[in-house]
Protein chains: 2
Amino acid sequence: MSTKKTSPPIQHQGAPVHEPLPRTRYKSGNPTIRDVAKLAGVAPITASRALSTPNAVSDLVRQRVRDAVAQIGYVPNLLAGALASRKSRLVAAVVPDISGPVFLETIESLTNTLALNGYQLMLGQSGYENSREDALLEAIIGRRPDGIILTGAMRSDQAKHKLKASGIPVVETWDLTDSPIDMLVGFSHEQIGKAVAQFLHAKGRRKLATISGNDDRSRRRARAFIQSAESLGLGQTNGVVPACYVPAPTTLASGRAGLRELLAAAPDIDAIFCSSDLMALGVLIEAQVRRIPIPSDIALIGFGDLSFSRDLEPALTSVRVDGALIGRTAAEFIVQRSERQSVHEPICNVGFSIVERATT
Amino acid sequence: MSTKKTSPPIQHQGAPVHEPLPRTRYKSGNPTIRDVAKLAGVAPITASRALSTPNAVSDLVRQRVRDAVAQIGYVPNLLAGALASRKSRLVAAVVPDISGPVFLETIESLTNTLALNGYQLMLGQSGYENSREDALLEAIIGRRPDGIILTGAMRSDQAKHKLKASGIPVVETWDLTDSPIDMLVGFSHEQIGKAVAQFLHAKGRRKLATISGNDDRSRRRARAFIQSAESLGLGQTNGVVPACYVPAPTTLASGRAGLRELLAAAPDIDAIFCSSDLMALGVLIEAQVRRIPIPSDIALIGFGDLSFSRDLEPALTSVRVDGALIGRTAAEFIVQRSERQSVHEPICNVGFSIVERATT
DNA sequence: ATGAAAGCGCTAACAC
DNA sequence: GTGTTAGCGCTTTCAT
């Protein structure tokens, strides 16, 4: 017969095996690094090292720990690790609204770049109003992310202050501001507006107009566009460049409606700058219905260079911003900062380009 | 004179006030609940209660704690809270690819519904291959989310097993499977394929065809569509329904190419079922270029009912699935489960509808 | 209604 | 290279 019984067998080792007796309190039930260590016959910290810094332990230990992990299906509790090490490997991204397809490319490359470095993305939607900003920020900061990436939200001063006070690295994206909270990856909306006006002028257009979303950044592009155009004398006979503002997020329908509105007010326009490609598609469709030939009667240029724009008929000219580059750069900024390397030049202007196609 | 000096005053209470002397190790610097408690003149646990269960403390204490919080700008460390309470208030969502606009609506309503209940969303991209699934899963489970929401990824058995073993509530979405891991919010892709074939038949179409993404679910819709159509005798003279498979994610360009391919193989088709609205738009454009009138020569029906589809010219008929409802329901399932209420009926078929517009 | 003690599961800081 | 100890900041348990 053996000692195998249901009651605990007498132990030969020096240390008593009983848990400090009446101490079973609250446990989750999942295996912990202690279980792994016990099974591998090492101290918990050694097991920890075998997993996080494999080079710091002997080959033998490393292998035994790995076996133990596999055997009991151990998955490290990163919450506990984060608490102890003050590195959560979590990065938060805040977007006004995910369904505006503009930021998708950025979020996608952000997620991927972060994943490559062992970080995870937390997503927050701020909406286009400021109301939820504060609660959202609290929820984010409370999770002690290693970085926060903003895409044009967070306009309130209180929010800015909270962010600064938190000490968490912040990257503002899709814009260049004069007083960044911390780091910056973006481009100038003003320069885009100006460049588009000049581009259309160079193409021989003389009666410009614009349809723009009413969010802050679209408006700034529109304003710069209008100013440049007016100073080049590309407005109506009264000097004014007609503009139609529609609610953000912009849609195909707002593009169609925008064209109707512009034509009603100024039938002789010969070029339109849309603040999104989706709206430009709307203009294209409305023009086709009204048998207004594009680009011969009206030239058209969008913003965002969505993936489908090149395949429209006629193919759409658009302002291209490299959203994936923005995401990648922002992620790299955070990763660098969080590995305690200071970021060399934490301001990055990714610029933009005008992709000329058939609509101009 | 008072006892106020820089050296610690002699205390009248029984307990010694000195920290167990030489014990300053590693701290984060952020204010903690201890700081709040000290300032409010209560024990840490009381401060904690004042914030998490305000009704459990007196009005006076509640107010003093709130003042203290505001004064020092305290933001609770949710990581620590999660570790202690085993509730992270974090929910993970896994999508194959965020830029496929189909899931956007779901993610958006997911994020919002979760936020309303004090939860935060973690996003993971699995890609359309299985390679990253495992690492992603480990990163997710390690954070001990209160729930995991899957949108059609996680096909490997190992992944399924890991999920089950973790004990974390799981909601699979955008599909109905026979052997769900846990909870389910979706609809039948097979029924859609069948319904579309019958719909086109009822519209008098007799030569059906399809352009489909090559991902699992699009293929299942296509297969059911083809089977139904063939059994209704709606194929070519040899009985076969022509099908063109393109790589996921589908694009406008693949729609254009798909139409060309179909016409080359079977010039007499009179209806096409596209596995995405974006592809259907591509077909629309290609048809327009080739002066094939839609719907008179070819009827067209898409899938997803994207927001722009109703505003196309002609307006696109599409299979509508309520993505927002899926997101909301999934979020509610998780929230209910995590508040220890068991979910009444953890399988939800949200169904679908065919939104008939001008292209049919 | 409030508090003291004891962890949640992990890793940083020191030994040896 | 490995182990010991003491927390990270919070909440649970139990007592008053």
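What you see below is based on every heavy atom in this structure, not just the backbone, and it leaves out hydrogens, waters and symmetry mates. In what follows, chains carry the letters A, B, and so on, assigned in the order in which the sequence lines appear, proteins first and then strands, with residues in each chain numbered from 1. As the structure is a computational prediction, the values presented were derived from the model and not from experiment.
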### Query
When the C1' atoms of the five terminal pairs at each end define the local axes, what inter-axis angle does the helix from C/dA1-D/dT16 to C/dC16-D/dG1 show, to 10 degrees?
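The angle, to the nearest 10 degrees, is 20°.
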Please enumerate all residues that pass salt bridge (charged side-chain N to carboxylate O under 4.0 Å, His left out) together with [X], with sequence neighbours excluded.
X	value
A/K160	none
A/D157	none
B/R62	B/D59
B/D182	B/R337

Going by side-chain contact (heavy atoms from CB on, under 4.5 Å), name the residues that satisfy it together with [X], two or more places apart in sequence or in a different chain.
X	answer
A/T329	A/V185, A/L325, A/F333, A/C348
A/S58	A/L60, A/V61
B/P346	B/M183, B/V343
B/K164	B/I181

### Message
My understanding is that only residues two or more places apart in sequence, or in another chain, count here; which of them pass side chain to side chain donor-acceptor pair (under 3.5 Å) with A/T173?
### Response
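Side chain to side chain donor-acceptor pair (under 3.5 Å) list for A/T173, sorted by chain: empty.
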### Within residues 61-82 of chain B, residues whose heavy atoms come under 4.0 Å of DNA chain C
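Contacting residues: B/V61.
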### Contacting residues from residues 140-147 of chain B, given that a heavy atom lies under 4.0 angstrom of DNA chain C
none
